Amino acid sequence: MGDRLLRSYLFEAATLLLHRTKKWSALKAWETKLAKRIGMKKAKVAIARKIAVILHCIWIDGTSFEWGQAKSG
């Protein structure tokens, strides 16, 4: 549901997060584990939805996204 162009942009952002981003984040770690468990395409759809929720929260609260720290050890 919703705007087709926005959905395609979110899916593209999920794809880039999985394949192009080198920087560690909890979001990327979650997506990687999910892709191994349920498959790449479903994981991209799930992360696209999660990105949409994060963006909506940022829009409402005015907060910023925190990449987080890589787990040591």
Side-chain angles (χ1 to χ4, degrees):
M1 299 304 290
D3 184 31
R4 174 178 269 175
L5 188 58
L6 180 60
R7 287 194 323 263
S8 65
Y9 286 155
L10 288 169
F11 189 82
E12 183 67 24
T15 302
L16 291 174
L17 180 67
L18 184 63
H19 295 292
R20 296 283 183 163
T21 305
K22 302 286 188 225
K23 191 172 184 181
W24 183 92
S25 72
L27 195 59
K28 182 174 174 135
W30 179 75
E31 181 180 22
T32 304
K33 285 193 301 187
L34 196 61
K36 289 178 184 174
R37 194 179 68 188
I38 66 171
M40 191 66 72
K41 191 166 185 175
K42 286 183 182 179
K44 288 178 188 177
V45 171
I47 198 69
R49 183 185 182 285
K50 192 164 221 160
I51 290 170
V53 170
I54 290 170
L55 288 174
H56 182 258
C57 289
I58 289 172
W59 184 32
I60 297 299
D61 296 1
T63 59
S64 61
F65 178 73
E66 298 292 329
W67 277 99
Q69 298 296 323
K71 292 182 181 179
S72 59

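Please read all numbers here as calculations on a predicted model, not as lab measurements.
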Problem set entry | Approximate separation, where rounding is to 0.5 Å, of Ile51 CD1 and Tyr9 OH | 15.0 Å

Problem set entry | From Lys41 atom NZ to Thr15 atom OG1, the distance as rounded to the nearest 0.5 Å | 10.0 Å

Problem set entry | Whether over 12 other heavy atoms sit under 6.0 Å from His19 NE2 |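 Result for NE2/His19: enclosed.
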
Exercise. Hey, are the side chains of Ile47 and Leu34 touching, using non-hydrogen atoms and a 4.5 Å cut-off?
Worked result: no

Problem set entry | Side-chain heavy-atom pair Ile54, Leu27 within 4.5 angstrom cut-off |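 The answer is yes, as the side chains (C-beta and beyond) meet within the 4.5 Å cut-off.
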
Smallest separation among heavy atoms of [X] and [Y], with atom names:
X: Ile38; Y: Ala43; answer: CD1-N, 4.0 Å
X: Ala46; Y: Trp30; answer: CB-CH2, 4.0 Å
X: Ala14; Y: Ala48; answer: CB-N, 3.9 Å

Problem set entry | Transitive ILVMFWY side-chain link Leu55 to Leu6, under 4.5 Å |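 The answer is yes; both residues are in one hydrophobic cluster.
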
For this session: Answer yes if Leu10 and Ile58 sit in the same cluster of Ile, Leu, Val, Met, Phe, Trp and Tyr residues linked by side chain heavy atoms under 4.5 Å apart, and no otherwise.
Result: yes

Exercise. Pick one: which of Lys44, Glu31, Lys50, Glu12 meets side chain to side chain contact (heavy atoms under 4.5 Å, CB included) with Leu17?
Worked result: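 For Leu17, the side chain to side chain contact (heavy atoms under 4.5 Å, CB included) check succeeds only for Glu31.
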
